[in-house]
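What follows is one structure encoded as structure tokens, with my remarks underneath.
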Amino acid sequence: MSELAKAYEPQDVEKKWYAAWQAAGCFKADENSDKEAYAIVIPPPNVTGILHLGHVLNNSIQDILARRARQKGKEVLWLPGTDHAGIATQAKVERELRETEGKTRRDLGRDEFLKRVWDFKDKHGDIIIKQLKRLGCSCDWDRERFTMDEAYTKWVSQTFVDLFNEGLIYRGKRMVNWCPVSLTALSDEEVIMKPSKSKLFTMKYELVDSPGEFIHISTTRPETLMGDVAIAVHPKHPKYAKWIGNKVKRPFPEAEIPIIGDDAVDLEFGTGALKITPAHDKVDFEIGLKHDLEIIDVLHPDGNMNTPDLPEFDGLDRFVARRKATAKLEEMGLLVGVEEYENNVGYSERGNVPIEPRISMQWFLRYPEVAKSTEAVASGDITFRPARWAKTYAHWMENLQDWCISRQLWWGHQIPVWYKKDKLDALKNAESLETKDAAAGDIYVGVEPPTDGDWERDEDVMDTWFSSWLWPFATMSGVGESSATLKKFYPTADLVTGPDIIFFWVARMIMAGYRFEDQLPFKNVYFTSIIRDLKGRKMSKSLGNSPDPIDLMDKFGADGLRFGIMRIAPMGTDIRFDESSVEEGRNFANKLYNACRFRQMDGNEFAPLPAAKGLPVYHIQVMAKLDQLATDLEGIYGEYRFGEIAQRLYEFLWNDFCDKWLEAVKADLRESATAEARAAALGTFDAVMSRYLQLLHPYMPHVTEELSERMNYVSEGEFVMSKALPETALLAELSAADIEAADKQATAVYEAAGRLRNLKAEYNLGSSKDVRFIFKGAAASLSGEINVLALLAGASEILTDDTYEAPKGTPAAVTPVGEAYMPMEGLIDVEAERTRISKEIEKMQIEVKKSEGKLGNASFVDRAPPEVVVQEKQRLEDWKTKLAQLGEMLDALK
RNA sequence: GCGCGCUUAGCUCAGUGGUAGAGCACAUCCUUCACACGGAUGGGGUCGCAGGUUCAAUCCCUGCAGCGCGCACCA
């Protein structure tokens with residue numbers, strides 16, 4: 001026996017093989033290959049991020065797809081890279097700056113700050129890449145991209161320029177979602193609605209012309225009262241409608257503001273009257289536009305009050321001001337009531353504070369190729385899995401709002417727009433800027449800076465997603481080029497990502513694909529599950545419920561982690577993650593390793609497979625099952641049911657191969673066995689195991705590579721990962737009838753062994769080895785299988801004797817190969833045995849009754865499919881036979 | 001409010017219009033020369049509730065309940 005540790009130690013093995021694959025160039029994609037192309041682009045993780053379980057699931061699936069595609073003879077490109085993640089990265093560096101130097105980014109200035117971010121990126125940028133390598137990801141690392149690479153940046157700018165020239169990008173003064181912490185605008189998708197406990201304040205404004213009469217108004221934001229420019233009531237309001245056209249007194253700062261009618265006001269809600277603050281609410285803003293109302297902005301960008309006319313509020317935090325305004329209203333006798341109230345408040349994803357609707361100058365995009373992109377998914381040109389996400393996609397596409405693409409950040413792709421210096425003020429404040437303004441020469445929009453004249457560049461950068469949406473092709477070529485890589489690998493085959501970024505990324509990539517490459521970017525989108533903890537909560541850093549995948553890999557190996565997580569990953573629903581599943585993955589790798597270790601007791605020379613004809617039925621059966629597994633997996637891969645694939649691989653190895661076959665052939669490998677028997681067993685082992693390792697490889701790449709080498713299943717310098725899957729079945733030469741006969745007989749023996757073990761356990765002889773069994777009325781086929789049966793059942797001896805007269809009370813069982821008796825000298829308890837058999841009879845009688853009832857039902861016999869009826873009849877016959885045998889046994893005990 | 005998903009063994013989840021499954025956990029036995037990260041045996045489920053379709057429903061349909069998610073301008 002070779003010097004193999006008893007338990008599989010994955011750590012060094014995994015490291016070794018990853019290095020070997022890389023050194024041999026196994027991950028490299030050849031754009032000049034004749035083979036059919038298969039491409040995936042990685043959803044680029046944040047450059048400064050660290051690996052979490054979501055990444056593990058997502059990238060394991062991609063790796064499985066990529067490795068399987070290689071085995072199927074495809075030319076595979078799995079293109080990796082990272083995303084600059086504007087807000088997230090900038091926030092990290094700003095925090096570090098604040099904590100270590102007590103400075104803000106403005107203290108450093110733009111250039112110096114950006115230098116710091118690049119430093120930070122260089123320092124932390126490859127952490128997640130290293131972690132992906134640890135996981136075994138077979139990406140073509142030579143093609144790694146970053147969304148702020150020089151070439152990529154050019155693509156982003158060119159895209160801006162093109163869309164601007166096309167009239168799809170414009171600048172305008174709009175109500176946007178403003179993050180008072182990051183001090184930037186956000187897109188609608190970056191706002192997270194959270195149910196929040198608020199207070200609904202009801203206050204009253206006095207009518208100017210009817211002193212003593214009041215309009216009651218409910219609001220959750222009394223601090224914006226200073227920005228009120230009107231009161232809106234529903235035109236059909238029973239009490240207030242008559243006052244439309246009148247004015248009320250705004251308490252502070254004092255002003256007279258009009259009462260207007262607008263059916264946007266909900267009669268049912270609050271008092272049916274609404275204060276209008278166009279600067280701080282989207283609905284109010286629209287009502288304001290409709291009624292041509294003034295816009296009074298009472299907040300600074302950081303969310304503090306901006307009310308120079310009202311010094312007592314000026315500069316206060318918005319939430320402090322809210323309490324103060326409430327108190328003041330109360331003091332003035334204008335506060336009517338306060339009630340607890342639950343509403344949805346929009347939060348900034350990054351800042352984790354309520355966003356502030358704010359009017360500001362921003363760049364917007366009217367989405368291109370909307371109709372084509374909507375149709376692509378609806379028609380099935382792009383397949384979504386699970387399919388239901390197509391509906392979510394369609395709904396979003398039908399309700400598209402222009403995309404606010406500018407961000408008031410420094411880290412990112414700066415907007416490629418320059419303003420003429422002598423017209424700077426006018427241009428900066430212009431209500432809108434679009435194609436014609438560039439034509440007039442006041443602004444310059446281009447990839448390269450203007451060469452003549454005095455210009456100043458727009459300070460904003462673009463939304464990170466404005467670079468991500470170009471990912472599938474911008475990673476493969478330069479601007480406007482058609483590189484060999486692009487030609488070979490675009491469009492990509494599969495995209496694997498989370499459903500949470502269907503709008504952020506997937507939908508936008510489809511539109512960009514059509515717009516810039518005139519083709520869809522991918523054919524299949526597989527949406528992964530969201531991983532939750534056992535309580536069903538999302539994994540998050542703040543909850544501390546997110547296990548570190550690196551720890552898990554240290555403990556259980558990358559293969560264990562991959563397999564464990566894949567086996568519990570259902571399609572379509574969330575996963576409740578538990579470490580025990582990873583432990584099972586580790587155990588599985590160990591089981592596999594030990595099965596091979598067992599084989600290696602007989603050396604590790606690849607044993608040739610003897611002719612199938614004449615092999616023991618167990619060998620034929622296990623090979624047939626392997627063939628079936630290979631066929632089935634092909635179909636399941638086609639349906640992207642990754643969890644099921646893992647489960648099938650698990651069941652075959654553990655149940656069919658180890659528990660049954662390996663136990664059954666142990667006799668053939670003993671010293672006493674014949675050379676033929678040994679050769680057949682070893683040949684079968686190697687034939688099955690070598691193929692099985694290939695099938696398992698995408699899920700557990702390292703251990704399968706290791707074992708294939710140790711067992712000499714691959715030749716010198718060859719890798720399992722790049723070895724083609726065999727195309728013919730192991731048993732291709734054998735007829736279906738022969739296979740079926742062998743399968744039936746092997747199954748009968750396994751079943752009989754189960755019965756005998758069961759009998760032993762009943763009498764507490766579970767572990768005893770000197771139990772004898774005597775078969776009466778044994779099937780003819782039994783004679784050749786007696787040794788195996790004895791081995792499986794843990795019996796010292798099995799005899800057949802049709803004349804055997806069992807002493808009364810001898811434990812007995814009905815098996816598929818005959819009645820079995822377990823003689824027990826001196827230990828016989830007639831009563832116990834009768835009870836046991838009676839119980840079995842009872843169970844069987846219930847089955848028979850059920851079956852007879854069914855067959856006695858004319859409607860069933862007439863209307864059920866004939867094969868179902870035949871099946872049922874066969875079943876009844878079997879029950880009856882067994883029942884009769886049991887009956888005889890019981891009689892014998894009388 | 002609209003839409004979507006989930007509800008099966010103590011736990012995590014498969015599954016099928018025709019005899020309820022796995023892993024873990026539990027109980028009993030086994031340190032048998034591949035594996036205790038193991039082997040054997042066993043207990044445990046009116047398949048969320050109520051109707052309907054069907055010869056037959058855990059599965060299909062309707063309604064309800066609970067949980068979760070997404071979308072939405074209710075101040």
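As a basis for the values below, the full set of heavy atoms in this structure was taken, side chains included, without hydrogen atoms, waters or symmetry mates. Since the model is a prediction, treat every value here as computed from it, not as a measurement. Reminder, nothing fancy here: chain letters follow the sequence lines and each chain counts from 1.
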Under the rule for side chain to side chain donor-acceptor pair (under 3.5 Å), what residues qualify as partners of A/Thr684, not counting sequence neighbours?
A/His619
Could you tell me the separation between the CZ atom of A/Phe577 and the C1' atom of B/C24, rounded to a whole number of Å?
14 Å
Nearest-angstrom distance, P atom, B/C4 to B/G63:
11 Å
Separation between the C1' atoms of B/C60 and B/U53, rounded to whole Å
8 Å
Starting at CZ of A/Phe563 and ending at C1' of B/G23, how long is that distance when rounded to a whole Å?
11 Å
Stepwise side chain to side chain contact (heavy atoms under 4.5 Å, CB included) check, A/Gln600 with A/Met711:
CA-CA 8 Å; A/Gln600 288 189 286; A/Met711 313 284 291; 3.7 Å; yes
A/Cys658 or A/Ser580, whichever maps to the more 5' nucleotide of RNA chain B:
A/Ser580
Any side-chain heavy-atom pair of A/Val345 and A/Asn343 under 4.5 Å
yes
With C1' as the reference atom in both, quote the distance from B/A20 to B/U8 in angstrom, rounded to an integer.
9 Å
Output all residues satisfying ring pair (Phe, Tyr, Trp, His ring centres under 6.0 Å) with A/Phe657, sequence neighbours left out; order by chain, then residue number.
A/Trp661, A/Phe685
Side chain of A/Glu584 only, please: which of B/A34, B/C24, B/A22 is the nearest?
B/C24
Please measure how far the P atom in B/A25 lies from the corresponding atom in B/A65, and state the result in whole Å.
39 Å
With A/Tyr650, which residues qualify under ring pair (Phe, Tyr, Trp, His ring centres under 6.0 Å), at least two apart?
A/Phe588, A/Trp654
Show your working on ring pair (Phe, Tyr, Trp, His ring centres under 6.0 Å) between A/Tyr526 and A/Phe384 and close with a plain yes or no.
CA-CA 6 Å; A/Tyr526 181 87; A/Phe384 278 14; over 10 Å; no
Using atom C1' in both nucleotides, what's the gap between B/G23 and B/U46 to the nearest angstrom?
25 Å
Using atom CG of A/Asn594 as one end and atom P of B/C33 as the other, report the distance to the nearest whole Å.
13 Å
Would you say the side chains of A/Thr202 and A/Ser218 form a donor-acceptor pair under 3.5 Å?
yes
What are the atom names and distances for every N/O pair under 3.5 Å that joins the protein to nucleotides 38-40 of chain B?
{"unit_1": "B/G38", "atom_1": "OP1", "unit_2": "A/Asn587", "atom_2": "ND2", "d": "3.3"}
{"unit_1": "B/G38", "atom_1": "O3'", "unit_2": "A/Lys591", "atom_2": "NZ", "d": "3.1"}
{"unit_1": "B/G39", "atom_1": "OP1", "unit_2": "A/Lys591", "atom_2": "NZ", "d": "3.1"}
{"unit_1": "B/G39", "atom_1": "OP1", "unit_2": "A/Trp654", "atom_2": "NE1", "d": "2.4"}
{"unit_1": "B/A40", "atom_1": "O3'", "unit_2": "A/Arg757", "atom_2": "NE", "d": "3.2"}

My understanding is that only residues two or more places apart in sequence, or in another chain, count here; which of them pass ring pair (Phe, Tyr, Trp, His ring centres under 6.0 Å) with A/His234?
none
How does RNA chain B read in dot-bracket, base by base from 5' to 3', with Watson-Crick or G-U pairs under 3.5 Å and | used when the partner is on another strand?
(((((((..((((....[..)))).(((((.......))))).....(((((..]....))))))))))))....
How many whole angstroms separate atom OH of A/Tyr650 from atom C1' of B/A22?
9 Å
Can you tabulate the close N/O pairs, meaning under 3.5 Å, that link protein atoms to atoms of nucleotides 15-21 of chain B?
{"unit_1": "B/U19", "atom_1": "OP2", "unit_2": "A/Arg875", "atom_2": "NH1", "d": "2.9"}

Inter-nucleotide P distance (B/A9, B/G48), Å rounded:
8 Å
A/Arg755 and A/Asn758: side-chain donor and acceptor closer than 3.5 Å?
no
Roughly, in whole Å, what's the span from CG in A/Asn857 to P in B/A56?
8 Å
Between P on B/U12 and CG on A/Leu53, what's the gap in Å once rounded to a whole number?
17 Å
May I have the distance from A/Ile502 (atom CD1) to B/C4 (atom P), rounded to whole angstrom?
15 Å
A/Lys6 atom NZ is separated from B/U31 atom P, nearest whole Å, by 14 Å
For the pair A/Tyr8 and A/Tyr593, name the ring-plane relationship: parallel under 30°, tilted 30 to 60°, perpendicular over 60°.
tilted
List the residues meeting ring pair (Phe, Tyr, Trp, His ring centres under 6.0 Å) with A/Phe319, not counting sequence neighbours, and say none if there are none.
none
Check whether any side-chain nitrogen or oxygen of A/Arg388 sits under 4.0 Å from OP1 or OP2 of B/C4, and answer yes or no.
no
Can you name the side chain to side chain donor-acceptor pair (under 3.5 Å) partners of A/Glu644, sequence neighbours left out?
A/Arg641
Rounded distance in Å between the P positions of B/C59 and B/A50:
12 Å
Can you give one letter per nucleotide of nucleotides 66-75 of chain B, 5' to 3': B if a protein heavy atom sits under 4.0 Å from the base, S if only from the sugar-phosphate, - if neither?
--SS-SBBBB
Using a distance-only criterion (donor-acceptor N/O pair, under 3.5 Å, no hydrogens), is the base of B/A34 paired with the side chain of A/Lys666?
yes
Looking at the base of B/C37, is there any donor atom on it, or on the side chain of A/Arg586, that sits under 3.5 Å from an acceptor on the other one?
yes
Does anything in residues 868-879 of chain A form a salt bridge (Lys or Arg N to Asp or Glu O under 4.0 Å)? List the pairs, not counting sequence neighbours.
A/Lys854-A/Glu872, A/Glu872-A/Arg875
Which of parallel (below 30°), tilted (30 to 60°) and perpendicular (above 60°) describes A/Tyr240 and A/His237?
parallel
Restricting to side chain to side chain donor-acceptor pair (under 3.5 Å), what partner residues turn up for A/Glu223, sequence neighbours left out?
A/Arg221, A/Arg322
Between B/A56 and B/G70, how many Å separate the two P atoms, rounded to a whole number?
42 Å
Going by the side-chain hydrogen bond (donor to acceptor under 3.5 Å, both in side chains) test, name the single residue among A/His280, A/Glu356, A/Lys275 that passes it with A/Thr224.
A/Lys275
Report which part of the nucleic acid A/Lys760 touches: base, sugar-phosphate, or nothing (heavy-atom distance under 4.0 Å, all strands).
nothing
